[in-house]
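Order of the sequence lines fixes the chain letters, A, B, ..., with proteins taken first and strands second; residue numbering starts at 1 for each chain.
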Amino acid sequence: MRINWKDIEIKWRQKWNENKDFETNPNDKPKKFITVAYPYPNSPQHIGHGRTYTLADVHARFYRMQGFNVLFPMGFHYTGTPILGMAKRVEANDKELINNLKNLYGVPEESIKTFVEPVKIASYFHQEIKAGMIEMGYSIDWRREFTTIDPVYSKFIEWQINTLREKNLIIQGSHPVGWCPKDQNPVSQHDTLGDVEPDFTEYILIKFKYEDYIIPTATLRPETIFGVVNLWVNPEIIYKKITVDDEKWIVSAECAYKLEFLDKKITYDGEIKGSELIGKSAIVPHRNESIVMLPASFVESGTGTGMVMSVPAHAPFDHQALEDLKKAKIAPELASLVNKIMPISIIQTEGYGENPAKEAVERFGVKDQSDPKLEEATKEVYGKEFYGGKLKSNTGQFAGIKVAYAKDTIKDWLIKNKHAGILLELTNTPVKCRCGAECVVKVLNNQWFLNYGEKDWKKLATKCFDSMNILPQEIRTEFNYVIGWLRERACARQHGLGTKLPWDKDWIVESLSDSVIYMAYYTISKFVNNGTLKAEKLSKEFFDYIFLDTGDANKISVITGIQENTINEIKKEFQYFYPVDSRHSGRDLVPNHLTFFVLNHVAIFPESNWPKEIVVNGSVLMNGSKMSKSMGNIIPLRKAIQDYGADPIRLAIIISAELLQDADFNMESVSGIQNKIESLFDECSRLKAERLETLEAEDRWIKSKTQNMISQVTLAVEKMRLREALHDILFAFESDLSWYMKRANAKNRSNVSGILHEVNSIRIAMLSPFAPHIAEEMWEKLGHIGMVSTSRWPEFSQSNVDATAIQSEEYLKSTIDDIAKILKVTKITPQKISIYTADSFKSKIYHSILEKIMTGQTNMGIIMKELISSPDTQEIKKNPDFVQKTIKDILSDPTEIRRTKLESMDFDEKSFLVNELAEIGKKEFGVEIQVFSESDSDIYDPKDKARHARPFKPAILIE
RNA sequence: GCGGGAGUCGCCCAGCCUGGUCAAAGGCGUAGGGCUUAGGACCCUAUCUCUUAGGAGUUCGUGGGUUCAAAUCCCACCUCCCGCACCA
C-alpha cells in the first residue's frame, strides 16, 4: 500500500504536541540531557544539517523509551559575522547573493528587502529551520527555545566572560589578522571575494646597515645569514626612505604600506632610486662585515622589502643572479667586485656537496634568473636542507644544529640582538574584500584572548576528556591532539551581533566563545520564556547561585526582586538536568567548538557538572560529492521532507553510513527505504495478537532470535552505532522472518499470526526512535494502546532464549544446504533422499573431542592418544579419519556454537530431523526424505553412505 | 611537516574493536525466470575459479610476522582523503 507520509506525520506530531510528550520538567526519574550544537541561521537547513540533529533525536528518543526523563532542547545562534556580511551584501545589492536567496533558498522578495538588517536574516532563517526541525519530528522541548541575542542570554554571557576573567583566563595582547583597510575590519573567508581565506606568513627582516640607514631584507631562512655575500637591489625600483619607530629604513613603497598596519609608526622622508644603491656597500649586522649591493631583476617590489640578501651557496636565485651578472655588460669596477664574490657554504646536507644551489641549478637546467625552473630548484634545496641539513662549523654557536631547529633559535637570537625584525605578509595575494579593497595583514595590539595555552587549564580539560565517553572512540586522539596545540584564542571582535565585553564596550564577545556553556542556559530559558526572569534584574550573584551554588538565596532575592522560592526552583532545575549527558555535533567542530566546550566547562563548573559524553558524526555527501552551492546539489531539508516524507529521510541518512563516516546520500536509497517501510506497514496491518498454546521448533527459534536481536540492537544504539542497529531492525530481522515463514508454510500452519505479531511489535518499538511517525502508525495498526514513543524499549530476557532451538534450526538449515549443494554439483534430479545421522558412539567421541578442544588442545596426535587411552573411546582407533574431520568441524565453529553444543549433549538428531525435515524437504526438493540413524537395524543404505555420518553432519544419499 | 581516517569479490559499501558461523551481509549492475497488453515497479534464482556428492583452489592495498586458525592481531611499506585556528 502507498503510504501518505504527510498525513501520518501531521497526525502523530499533533498527538505528541497535545500530550506534551517532549516537554520535560524535573521529576524523580533518572534524567538524560541530550544537546546538539544549535544552528547558525544564515541559510535554510539542508540534508547535511539534518544528520546531526537526527542522530541526536534518535538518541533522545531511545533514552526516553528506556525510562529516562530526557531533556532535548534547541536554541539559535544569531551571533557572528557571516550574517552581518550577508546584510551588507544585500544592501550593496549583490546579484549573486540575492539570486541565491531568491532561487536556491526560496526567500520571498519582501523578506529579502528587510535583509539589510542582520537580525531580520537571522530571524527569517530561524523560523525556517525551526519549521524543518518540527517537520522532521525532532522531540524537542520548544518551551526552552532562545536566541543568542536575547537580553537574558547576554546577561548570561557577561557572567560567563566575567567569571573567566576573574580566573585570569582572559588576557590582552597583539595578534595578526587579515584586514580590510577600507572597512577597518578583520576579514575571514566569508568576507572576501571568491571566499579565499587570507593566508599569511612571517618573514624575518635582517637589518643591514647602509650609511645611517637600515636596509631590511625579508627572508624565511634566517639561518642563512651566515652565508650572505651580497645584497640584491632592483635598479628599476624607486625605494622609499622612511622612519620606522626610531630607525631610518629604505624599503619599497609596497613594503612601507604593509608596515603601516604592523603596529609601527611610519613617516615618509623621501625616495631613492635602486640604481643609486648599486655598487654601494652595506654592513652585515652580526659580523660587521661590508658587502656590496648588486642589481637583480628577480627582485620584486611587492614581495618582502624589495631588497634581498644573497646566499648563493644555498639559494638558487642568488646563485643564478650572480652567474647572470658575470655574463652581463657592466661597469668594470662593479665587475671586479662581482668576480671577487665567493659563495659561503654553511649547511651540510646528505646528497649535496659544497654548493647545493649551484648543483640544483645545473641539474634543473636553469637558463637565467627569470626561468620558472628556479622556483622548483629552490623548493627542492629548501626542503632537503630544512629537514635533513645541519649547520656547519662556520656558524659559530649554532654549529651542528639541524636546520629545522636552528631556524627559530637563530631568529630569536637575531631579534634579541636587534639585528632583525618581523614582517607579516599575505601569501595568497591579491585577497580582495567583498567591498573591493585589497586586504593586508594587520597586527591588532589590544585584542582580548582566552588563554587556552595555559597549562593547568589544559590539564583540567584533559582530565575531563579522560573521564568522558567519546563516540566514536577513534576521535578521542584527535581531541588530545587539539588540546596539545591550542594557544591563546581571540575571544572578542569589533563587529557583528552579540554581547559586549562587560569591561570594554568597544568589543563584542566572539561567537565561538559565546556558545560553549549555553547548555546550562536551557535550564533557565524556560523561566525566561514564561516571563519569570527579566534581564535587567539579573546579577552576577544570581548566576553564581544558580550555576555554582554559592551565595545566599535571600540576598539574591533582595538584589533581583525575584521570589526566593522561584530562585530555588530555577536552581533545582539546573541541578537536576546538569551535567550534559551527551553533546552531539559534526566532526568539523572537533578542533574548535567541542574542545572549547570542554575547556570552558572545566574552567567554570565544578567537576560534578562536567560533560559526560561527546558524539561526533561525519558530514553528508550528495551522490558521492560534497554539497555546494556551485554544484547545485544542495537539497533543502524541508523540500526533501515534502517530496519523500520525514521518516524515509531520517532512515536514509542513518542507514547510509556509520557515525564518523561521510554519509553518501542519494534519492534512490530513499525510495528503497520507502518500499521497505511500506511492506513492513502492510505486514503490521495484517497481524493480530493471538496466544499460541504449544510452540513448535521454529516458534522457539524465532523467539530466541528476537531476543538476540534485542540485545544486539540495544548494544548498538548505546554505542550510537545507529546504522548497524537500523540495519538489524530492517534487514536482519527480515531474513530470520523469511526462514520462519518458510518453515511455517512447509507445515501449512495457519496459527503464526500471534508469533509474528509479537516479533514485529518488538521490531516496531525498536524502529520508533528512528522513524517515529510511521512507527506510531504501525503500532496503532498492531492494536497497541498508547504511543510507541512513550512505550518501553524491548528488554532482553534470557528465559526466552532457547539455545537448543537456535542450534537445531542451524542444523536443519545446514542439512538442507548440503542437499542443495550436492544437487547443484551433480545436476541430478532427485527421486529419493535418505539421511543418516551418526550413532551414539560417534556422539560420545564428538563430545570428548569438543571438550578437549575447549580446553585449548587442538593437536590431532595428542587428542587421538587420549581417546585411545580411555576404554570408553578406544575403539575409535579404527576410524582415525573421523577424528581428523571432527576436529576440523569443531574448529570451524565459532566459540559460542561450540559452547551450546557442549551444553546440549542430549540433542537427538534423528528424531529432530524426522519431525522437522520431511515437510520442508518435500517443499524444497519435491521428493520424500527418509531419516535413519546409522545404527538402525532396518536401515536402507544401498550405497554404504551411512558410515560417513558425523555428529551435526549427517550422511546423505540422493538417488 | 604535524595529526587523523581509509584502501574488501564489476561498482558502492558492511565486516576489523571482541580471530573461527567468511568466498565474505546489504545495495547497484548483469543474466535467467515470474507478474504485466507493454514499460516501470515488485518477487524469485544466479553472479571468484574448478568440480557428476555436500569438495578443492585462489582472494580482502603490498611484503613480512604471531596463531591450530588472519579481511580481523603485530611490524614495515605504498596509495588516497580530511583538519591545522580567531571562522561558523
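- Considering only side-chain N and O atoms, A:K953 lies nowhere under 4.0 angstrom from the phosphate OP1 or OP2 of B:A53.
- Heavy-atom distances to RNA chain B give each of A:P954 and A:R898 a nearest nucleotide, and the one nearer the 5′ end belongs to A:R898.
- In the set B:A88, B:A53, B:G83, the nucleotide with an atom closest to the side chain of A:L512 is B:A88.
- For A:P82, whose side chain is taken as the heavy atoms from C-beta onward, the closest listed nucleotide among B:C86, B:C87, B:A56 is B:C87.
- Taking side-chain N and O atoms only, A:R476 has no distance below 4.0 Å to OP1 or OP2 of B:G5.
- Taking atom C1' on both B:C68 and B:G5, the two are 34 Å apart, rounded to the nearest angstrom.
- B:A88 and B:C73 are spaced 41 Å apart, taking the P atom of each and rounding to whole Å.
- Applying the Watson-Crick and G-U wobble criteria (two distances, each under 3.5 Å), B:G3 pairs with B:C82.
- Closest approach to the A:R587 side chain among B:G54, B:G4, B:A85 is made by B:G4 (side chain taken as heavy atoms from C-beta onward).
- None of A:N42, A:T147, A:D514 except one satisfies the side chain to side chain donor-acceptor pair (under 3.5 Å) rule with A:H77; the exception is A:D514.
- Among B:G54, B:C86, B:G20, the nucleotide with an atom closest to any side-chain atom of A:R489 is B:C86.
- The aromatic rings of A:Y518 and A:Y38 lie parallel to each other, their planes meeting at an angle below 30°, with 60° marking the opposite boundary.
- Atom name P, nucleotides B:C42 and B:U52: the rounded distance is 37 Å, in whole Å.
- For B:C86 and B:C16, the C1' atoms lie 39 Å apart once the distance is rounded to whole Å.
- Atom CZ in A:R950 sits roughly 9 Å away from atom P in B:G55 (whole-Å rounding).
- Across all strands shown, B:C73 forms a Watson-Crick or G-U wobble pair with B:G65, both key distances being under 3.5 Å.
- To the nearest whole angstrom, the two P atoms, one in B:G64 and one in B:A70, are 14 Å apart.
- Looking at heavy-atom distances under 4.0 Å, A:P176 makes no contact with the nucleic acid at all.
- If you check every strand for non-hydrogen atoms under 4.0 Å, A:E810 touches nothing.
- Among the heavy atoms of the strands, none lies under 4.0 Å from A:K813.
- Heavy-atom neighbours of A:K742 NZ from other residues, nucleotides or ligands within 6.0 Å: at or below the threshold of 12.
- For B:G26, the paired base is B:C12 (Watson-Crick or G-U wobble, both distances below 3.5 Å).
- Looking at heavy atoms from C-beta onward, A:L501 lies in side-chain contact with A:I161 at the 4.5 angstrom threshold.
- Of the residues near RNA chain B, A:I958 and A:L589, the one whose nearest nucleotide (by heavy atom distance) lies more toward the 5' end is A:I958.
- Using a 4.0 Å cut-off, some side-chain N or O of A:K821 falls inside it from OP1 or OP2 of B:G55.
- Counting atom types as modelled, A:R721 pairs a side-chain N or O with a base atom of B:C17 as donor and acceptor under 3.5 Å.
- One atom, CG of A:L594, and another, C1' of B:C87, lie 15 Å apart when rounded to the nearest Å.
- Contacts of A:L823 with the nucleic acid, taken as non-hydrogen atoms under 4.0 Å apart, are absent.
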Close N or O pairs between protein and nucleotides 41-43 of chain B (under 3.5 Å):
unit_1: B:C42; atom_1: OP1; unit_2: A:N675; atom_2: ND2; d: 3.3

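- With contacts defined as side-chain heavy-atom distances shorter than 4.5 Å, the pair A:I517/A:F597 does not qualify.
- Summarising the geometry, the separation between CD1 on A:I673 and P on B:G26 is reported as 15 Å, rounded to the nearest angstrom.
- Between B:G27 and A:R723, no contact under 4.0 Å exists linking OP1 or OP2 to a side-chain N or O.
- Rounded to whole Å, the separation between the C1' atoms of B:U21 and B:G34 comes to 33 Å.
- Centroid-to-centroid, the aromatic rings of A:H584 and A:Y53 stay 6.0 Å apart or farther.
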Would you tabulate the pairs of protein nitrogen or oxygen atoms and nucleotide nitrogen or oxygen atoms of nucleotides 45-49 of chain B closer than 3.5 angstrom?
none

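- Taking atom CD of residue A:E510 and atom C1' of nucleotide B:C86, one finds them 6 Å apart after rounding to whole Å.
- Pair assignment for B:U18: none, as no Watson-Crick or G-U wobble contacts are both less than 3.5 Å.
- A cation-pi contact, defined as under 6.0 Å to the ring centre and within 45° of the axis, is absent between A:R487 and A:Y452.
- Counting heavy atoms from C-beta on, the side chains of A:I835 and A:I819 come closer than 4.5 Å.
- For B:G3, the OP1/OP2 oxygens have no side-chain nitrogen or oxygen of A:T477 closer than 4.0 Å.
- At a threshold of 4.0 Å, the pair A:D881-A:K885 counts as salt-bridged, since one of the basic side-chain nitrogens sits closer than that to a carboxylate oxygen.
- The separation between A:R487 atom CZ and B:A85 atom P is 9 Å, rounded to whole Å.
- Contacts of A:H593 with the nucleic acid, taken as non-hydrogen atoms under 4.0 Å apart, are absent.
- Here A:I475 lies out of heavy-atom contact (under 4.0 Å) with every strand.
- Ion pairing between A:E866 and A:K852 holds under the 4.0 Å rule for side-chain N and carboxylate O.
- Annotation: B:U58 and B:U51 have their C1' atoms spaced 15 Å apart (nearest Å).
- Remark: A:P176 engages A:F200, A:L424, A:V441, A:V443 in a side chain to side chain contact (heavy atoms under 4.5 Å, CB included) (not counting sequence neighbours).
- For B:A53, there is no paired nucleotide, since no Watson-Crick or G-U wobble pair has both relevant distances below 3.5 Å.
- Surrounding NZ of A:K865 are at most 12 heavy atoms belonging to other residues, nucleotides or ligands under 6.0 Å away.
- Using a 4.0 Å heavy-atom cutoff across all strands shown, A:Y481 reaches at least one base atom of the nucleic acid.
- Across all strands shown, B:A31 pairs with B:U45; the Watson-Crick or G-U wobble distances both stay below 3.5 Å.
- Only the C1' atoms considered, B:C9 is 15 Å distant from B:G61, to the nearest whole Å.
- Salt-bridge formation is detected for the pair A:D818/A:K953: a Lys NZ or Arg NE/NH1/NH2 atom is positioned less than 4.0 Å from an Asp or Glu carboxylate oxygen.
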